[in-house]
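Right, one structure below, let's go through it.
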Amino acid sequence: MILEGLLLDVDQAEEGFSSLVLYLKRGGRAEAVLDSSFEPSFYFTADDPRRAARLVSKVEVEERGETVRPKRVEVVGRKLLGREMEAVRVFLESPRHLTPLRHAIRELPGVREFYGFDLPLVRQYLIERGLVPLEGVRVEGEREEGVVRAFHPPQPGPEHPQELEVMSFDIEVYNPAGVPRSDRDPVIMISLAAPGGFRKVLTWKGVEGAPEFVEVVGSEKEMLERFVELVREREVDLLLGYNTDFFDFPYLRERARKLGVELGLGREGGGARTRRRKFATATKVPGRVHVDVYAMVSFLAAIGAIRLIHYTLEDVYRHVLGKEKPDFEMGGIARAWEEGGEELKHLLEYSLSDAQATLELGLAFLPLFRELTRLVGQTLFDVTRMTPGQLVEWLLIREAFGRGELVPPRPKGEEYGERMEETYAGAYVMEPKRGLHENLVAFDFRSLYPSIIVSHNIDPSTLNCDCCRPEETTVVPELGYRFCGKRKGFVPSILERLIERRAELKRELKRLKPGTPEYLELDSRQMALKIVSNSFYGMFGYARARWYSKECAESITSLGRYYIHQTIARAEREGMEVVYADTDGLYCKTGGKSREEILRFLEEVNRGLPGVMELELEGFYPRGVFITKKRYALRDEEGRLIVKGLEFVRRDWAAVAKRTQQEVLDAVLGEGSPKKAAEIIRRVVRELQEGKVRVEDLVIYTQLKMPIESYRAIGPHVVAAKKLRKKGYPVEPGTMIAYVEVKGPGSISDRATPVEDFDPERMEYDAGYYVEHQVLPAVMRIMEVLGYREEDLRSPGGEQTRLGKFF
DNA sequence: CCGATT
DNA sequence: AACGGCTAATCGG
């Protein structure tokens with residue numbers, strides 16, 4: 001039989017063996033396909049490849065009572081940084097033979113370097129078979145006991161669009177001790193939501209007048225079983241959760257073990273597998289794709305697509321979808337469960353809203369991650385958990401395979417240590433001309449670093465080539481490295497294609513109607529291309545990257561500095577005074593130039609730029625205030641305020657300071673009224689001194705970055721963390737410490753009190769600290785550069801405060 | 001007060 | 001677990 005469908009996921013069929021299961025979706029049903037014909041392999045280089053191959057074919061190693069030998073050895077033509085050469089390819093009977101064989105071969109004479117040995121089986125498989133998850137696949141095989149055995153290697157097939165069954169879930173845990181302990185505190189609710197209005201909260205305690213979505217079962221054990229049953233019944237393809245990698249799944253599995261329940265959530269009855277790693281704990285559910293929406297959010301935060309103070313489900317939901325969801329105080333969960341009644345009903349509602357919000361967010365992010373999956377060619381499960389650098393790397397590995405390039409290993413030990421030591425200069429940031437400026441125009445280079453890589457052919461293989469005449473190469477300013485002008489490098493050629501594809505998509509998008517499914521798909525695709533393109537530079541400078549190259553990284557930043565400097569000089573020559581510049585953009589005074597003259601200037605600059613490099617007009621700004629490097633605020637032509645680098649989005653500032661700064665900026669830049677600004681400042685100072693400011697507005701958040709003992713300088717958050725630990729809270733690297741400064745003797749650190757301990761009835765916050773160290777510094781930074789001094793803020797007849805120092 | 005740490 | 005540049009607060013000698 002021939003099966004064609006959508007490739008949902010690929011998984012190792014059995015730990016330590018090289019057969020794989022492909023899950024494909026067709027006609028609304030999922031099918032498991034077994035492929036036992038894949039031969040994992042790795043490569044090595046040698047002084048004499050033929051001799052080395054002969055030696056290797058005779059290698060035998062004893063490993064746990066098993067005799068391990070290569071399945072097959074071949075001498076093959078490959079490339080190393082673009083140079084043709086011969087390598088030895090060693091095929092394996094089983095992936096578990098890889099390490100013993102590699103270690104044995106390492107001891108043979110004339111053996112040099114190893115390649116492509118640190119690629120997980122599933123990822124190597126997808127690349128070598130040319131298969132791309134969430135695209136079509138074609139299989140010839142035979143059905144045997146529920147699974148299809150493939151006769152031939154599965155191949156890429158025609159597009160095969162399929163509706164995927166999505167469901168989100170969330171658990172609630174009984175937590176009388178504050179922190180839930182999985183060995184004794186039961187899961188009390190599991191809520192579920194799916195598109196089309198499916199919603200359900202499973203629980204094992206009834207309550208009078210419970211909402212219609214509640215299903216009461218007999219016990220925690222029955223609840224887990226019912227959860228499994230529902231996932232299976234609904235034929236779930238994508239199982240969404242929020243922070244489920246780190247919390248819900250590990251907790252559920254621990255409870256299931258305790259209660260003796262089989263958590264057979266997978267297709268074919270397979271159990272969920274949790275892989276615990278320091279940075280990469282994740283749970284895989286066979287035959288379905290478990291997507292942790294929190295991982296998606298972390299990714300979007302890492303690339304700067306969303307920027308929040310906290311990444312809780314509530315905050316992300318509010319920011320991304322603009323909607324509120326019910327909140328429930330963590331400490332109230334145990335009480336609601338014990339006492340029942342109205343509180344328990346609220347908890348049920350809250351639990352459902354978590355699943356519902358997770359579903360909505362997951363569906364909102366899915367189009368982008370689907371396109372990243374198709375671009376990079378690894379599974380959705382993996383791609384949703386990758387960093388931007390890993391996406392680039394897996395794209396490059398796939399491309400390398402296609403071109404016969406050997407894949408360098410990830411650096412370990414000494415090599416990694418050496419790379420960590422290497423530093424290099426980054427971007428240029430101009431000291432701003434402080435103060436208020438009017439009639440500004442902003443220019444910026446479109447995708448500066450990607451366009452430098454492509455236009456100057458920056459690649460490890462083109463560095464200091466010996467094939468070019470001087471006039472054909474790029475000579476990097478300051479550094480003197482040369483990049484080849486004849487042969488296109490590995491990285492630039494790939495990046496060039498990505499940029500071209502994105503430009504095409506953007507042209508197509510102009511013809512489509514926003515909001516249509518087709519528009520959304522193409523828009524997500526161009527976004528995926530942008531994200532990956534923008535991560536190439538960082539990869540060159542990343543010590544753990546396979547294609548790491550300090551020379552390439554520093555050449556890119558050096559050329560970047562060169563171009564921004566050139567542009568600044570040119571603008572100045574044209575009579576446009578530059579007030580500020582950072583990396584790839586600059587703000588100039590229009591100097592009386594008309595829009596047409598400015599466009600003409602732009603055109604002239606662009607005529608002189610190589611390749612795909614382009615300077616763009618970013619916009620006109622009637623007013624702007626520049627405070628320091630990276631800190632400024634602008635008002636655009638529509639009157640909107642644009643603020644960069646100020647305290648707003650920092651969690652280590654109290655909300656009261658951030659809010660006051662925003663209000664002052666609005667008053668000064670928006671309304672041009674320092675008088676109003678002064679009023680605002682006086683009001684807030686008074687409220688602080690009268691003890692009227694709410695605790696939430698005084699909390700300062702700082703993340704603990706190391707174990708408490710490692711701190712040499714004991715800052716406020718470290719002291720607060722110590723107080724927390726004394727009370728029995730788990731305090732470890734990564735914990736967010738929320739503290740309030742209270743009145744009393746001692747240093748600022750001594751008086752930092754965890755919010756949990758701050759009782760407004762018995763304690764007084766340190767109004768003086770919040771006035772002098774939070775609110776005033778934040779607002780005076782703005783007022784000062786605008787030329788206002790303290791006395792300017794004192795309006796005639798204005799009320800006197802006790803702060804003579806500032807007013 | 002100033003360099004180091006965060 | 002992508003880069004470097006940068007500001008600012010606070011510690012601690």
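Throughout, protein chains are lettered first and strands after them, A, B, ... in sequence-line order, and every chain is numbered starting at 1.
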Grab the [atom1]-[atom2] distance between [X] and [N] for me, whole Å please.
X: E772(A); N: dA8(C); atom1: CD; atom2: C1'; value: 17 Å
X: K644(A); N: dT7(C); atom1: NZ; atom2: C1'; value: 17 Å
X: I748(A); N: dT6(B); atom1: CD1; atom2: P; value: 17 Å
X: Q703(A); N: dA9(C); atom1: CD; atom2: P; value: 21 Å
X: E393(A); N: dC3(C); atom1: CD; atom2: P; value: 13 Å
X: D652(A); N: dA9(C); atom1: CG; atom2: C1'; value: 9 Å
X: Y770(A); N: dA9(C); atom1: OH; atom2: P; value: 15 Å
X: I700(A); N: dT6(B); atom1: CD1; atom2: P; value: 18 Å

List the residues meeting ring-ring contact (aromatic ring centres under 6.0 Å, His included) with [X], not counting sequence neighbours, and say none if there are none.
X: Y537(A); answer: Y449(A)
X: Y294(A); answer: Y242(A)
X: Y548(A); answer: none
X: Y711(A); answer: H717(A)

Is [X] touching bases, backbone alone, or none of the nucleic acid, heavy atoms closer than 4.0 Å?
X: M706(A); value: sugar-phosphate
X: K629(A); value: sugar-phosphate
X: S749(A); value: sugar-phosphate
X: A553(A); value: nothing
X: Y428(A); value: nothing

What are the residues of residues 445-459 of chain A, sorted by number, that bring a heavy atom to within less than 4.0 Å of DNA chain B? none
Which residues, if any, of residues 713-722 of chain A bring a heavy atom under 4.0 Å of DNA chain B? A713(A), H717(A)
Does a side-chain N-to-carboxylate-O contact under 4.0 Å join E614(A) and R446(A)? yes
Quick one: side chain to side chain donor-acceptor pair (under 3.5 Å) partners of [X], sequence neighbours excluded?
X: R385(A); value: D245(A), H290(A)
X: K488(A); value: E496(A)
X: K629(A); value: none

If we ignore angles and hydrogens, is there a donor and acceptor under 3.5 Å between the side chains of R403(A) and S493(A)? yes
With no hydrogens and no angle check, do the side chains of Y621(A) and E618(A) hold a donor and an acceptor under 3.5 Å apart? yes
Minimum-distance nucleotide (side-chain atoms of E431(A) versus dG5(C), dT7(C), dC11(C)): dT7(C)
Of the listed nucleotides (dT6(B), dC3(C), dA8(C)), which one gets closest to any side-chain atom of R781(A)? dA8(C)
Those residues of residues 528-552 of chain A lying under 4.0 Å from DNA chain C by at least one heavy atom: N534(A), S535(A), Y537(A), G538(A), G541(A), Y542(A), R544(A)
Qualifying side-chain hydrogen bond (donor to acceptor under 3.5 Å, both in side chains) pairs, either residue in residues 738-749 of chain A, two or more places apart: K743(A)-E764(A), S747(A)-D750(A)
Give every residue pair that meets the salt bridge (Lys or Arg N to Asp or Glu O under 4.0 Å) criterion with at least one member in residues 455-464 of chain A, sequence neighbours excluded. none
Between dA8(C) and H773(A), is there an OP1 or OP2 to side-chain N/O distance shorter than 4.0 Å? no
